[in-house]
Number of protein chains: 2
Amino acid sequence: MSAPSPTLHSNCSDCPIRHRAVCARCEADELAELEEIKYYRSFEAGQTIIWSGDRMNFVGSVVSGIATLAQTMEDGRTQMVGLLLPSDFVGRPGRDGAAYDVVATTDLVMCCFRKKPFEEVMVRTPHIAHRLLEMTLDELDAAREWMLVLGRKTAREKIASLLSIIARRDASLGQGKASERMVFDLPLTREAMADYLGLTLETVSRQMSALKRDGVILLEGKRHVTIPDMSRLMEEAGDDSDGGFLV
Amino acid sequence: MSAPSPTLHSNCSDCPIRHRAVCARCEADELAELEEIKYYRSFEAGQTIIWSGDRMNFVGSVVSGIATLAQTMEDGRTQMVGLLLPSDFVGRPGRDGAAYDVVATTDLVMCCFRKKPFEEVMVRTPHIAHRLLEMTLDELDAAREWMLVLGRKTAREKIASLLSIIARRDASLGQGKASERMVFDLPLTREAMADYLGLTLETVSRQMSALKRDGVILLEGKRHVTIPDMSRLMEEAGDDSDGGFLV
DNA sequence: CGGTACTTTGAGTTTTGTCAACGAGGGTGG
DNA sequence: CCACCCTCGTTGACAAAACTCAAAGTACCG
């Protein structure tokens, strides 16, 4: 159960998220300034990185691994409100308390900055503020897209939407463009999928079975998914046939 | 049906949203630069300001009036994803196409900037980018809060949540702090409420009746609402008894 | 092997949506 | 001034979707 070494990637120029994280637009001198205040932290799969309501004394970027942002009601109902992938930013400059639980779903490494120094650097480094604005606008779009899924889609459409989002993300990270056939591993349990989609895990399971029965997806084991026809999946998701989400 | 004159507030220093809009942090010289490229546009209640998918050639701030952001699926299902109040920003620097329909629900005045010049000003004016980041982070929080409502709350809780948000907003705009008893007019039809909450208008109507029957709210006519006990409403909304949404 | 966590499936219930009829209020034109 | 119309809202009966509870099945790990 050992987490990755916290001293990995100690040099920004070798960093795997260098070109996509909040520091993406930084020049060499700006990067050097960040480099001085950064430190790495590792988390194990299942570990809670931040508890909602906690005082946040750092912000940072996910370097590797996956985490979820979730809200929980008093009676235990939970809704995931975001997925954090490598290069995504955690924390909010200018606010002290965390608004959500952040949980590592895989082993995870974060590149952290103490909040105060980071805020100071940000004030004199427009490149950082500008990149963070861009990233936040993207997240806002994603959140609003998700509101349509939660508010208006059927269970079957919700599942198809989630699968198509994961497939599309994997495509952009790896196998070139979104082609007809896609293959990936689900990074989520059925319960986690349910928490994303505002469903119960039983409904998720039933709809996965239904999509499989109807040939929209192929399953090997519980997690390995093949999409034989991406446009069919998009149709099932209720998205425009010709692209759906804007990029 | 005449909309307000488009030449109102031509001077930024008299502008009613001067201290809360995207220009809030600007110094006199920065403001002068914005002043040169700005222009006002008026819209009538019910008018669509922007169609989803349209090319956006301007961005801007709501000066007065209320507008909604909505997404619509091909078959007509619609989900509202945001409410635009005076000082809120419309449009996204760095992207051409509009992602949502923007509809004026009241007569409305916007302070607009052509997108290209605004982007140029923004690059050399960190105060604008910084304020826009702050506003965008607030919107992101609101969107995520709403995701919990849409994904996990019952119809009754959804209605109570919406009412409590509207009550709280009115409180912050007018009658001092959130006291026990609150009175306001709903700015939304039952159908608009349904589109916010991911419900049908019949369910909205039934739950409004139920809340009235149970004494959680009092109704005079269809739109005038009295909340005799705010904490009772918050309880019905499923929020923490002691405040709920962070402000 | 045995246990644990995850997943699937079934049966019955609850919630919400659908379709339809009716009611209230406000404005318009005869 | 009144009748009519149109929009908005309410209510009922029924149908569909999703949830709950329960029981098994599967894969992985020690």
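Numbered from 1 within each chain, the chains take letters A, B, ... in sequence-line order.
Both tests hold for B:Arg41 against B:Phe58: distance to the six-membered ring centre under 6.0 Å, angle to the ring axis within 45°.
In this structure, B:Asp239 pairs ionically with B:Lys153, as a charged nitrogen and a carboxylate oxygen lie closer than 4.0 Å. Between B:Arg232 and B:Asp214 there is no salt bridge, since no side-chain nitrogen of the basic residue lies less than 4.0 Å from a carboxylate oxygen of the acidic one. Comment: B:Glu139 engages A:Arg144 in a salt bridge, judged by a side-chain N to carboxylate O separation of less than 4.0 angstrom. With respect to A:Arg20 and A:Asp88, no salt bridge is recorded, no charged nitrogen being found less than 4.0 Å from a carboxylate O. Taking the charged nitrogens against the carboxylate oxygens, A:Arg77 and B:Glu157 do have a contact shorter than 4.0 Å, which makes a salt bridge. A salt bridge links B:Asp138 to A:Arg92: at least one charged side-chain nitrogen sits closer than 4.0 Å to a carboxylate oxygen.
In this model, a donor atom of one side chain and an acceptor atom of the other lie less than 3.5 Å apart for B:Asp195 and B:Thr78. In summary, the side chains of B:Ser161 and B:Ser164 do not present any donor paired with an acceptor at a separation below 3.5 Å, with no hydrogens or angles considered.
Counting any heavy atom pair closer than 4.0 Å across all strands shown, B:Arg77 reaches no nucleic acid atom.
Of all nucleotides in DNA chain C having an atom under 4.0 Å from a heavy atom of chain A, the first and last in 5' to 3' order are C:dT7 to C:dA11.
Other residues, nucleotides and ligands contribute over 12 non-hydrogen atoms within 6.0 Å of the CD atom of A:Glu202.
For B:Met208 and D:dT10, the CE to C1' distance is 12 Å, given to the nearest whole Å.
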Base-contact (B) and sugar-phosphate-only (S) positions in nucleotides 18-30 of chain D, heavy-atom cut-off under 4.0 Å, - elsewhere: SSBB---------

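Bending across the helix from C:dC1-D:dG30 to C:dG30-D:dC1, expressed as the angle between its end axes from five pairs apiece, amounts to 30° (10° rounding).
Residue B:Ser205 places none of its side-chain N or O atoms closer than 4.0 Å to OP1 or OP2 of D:dT11.
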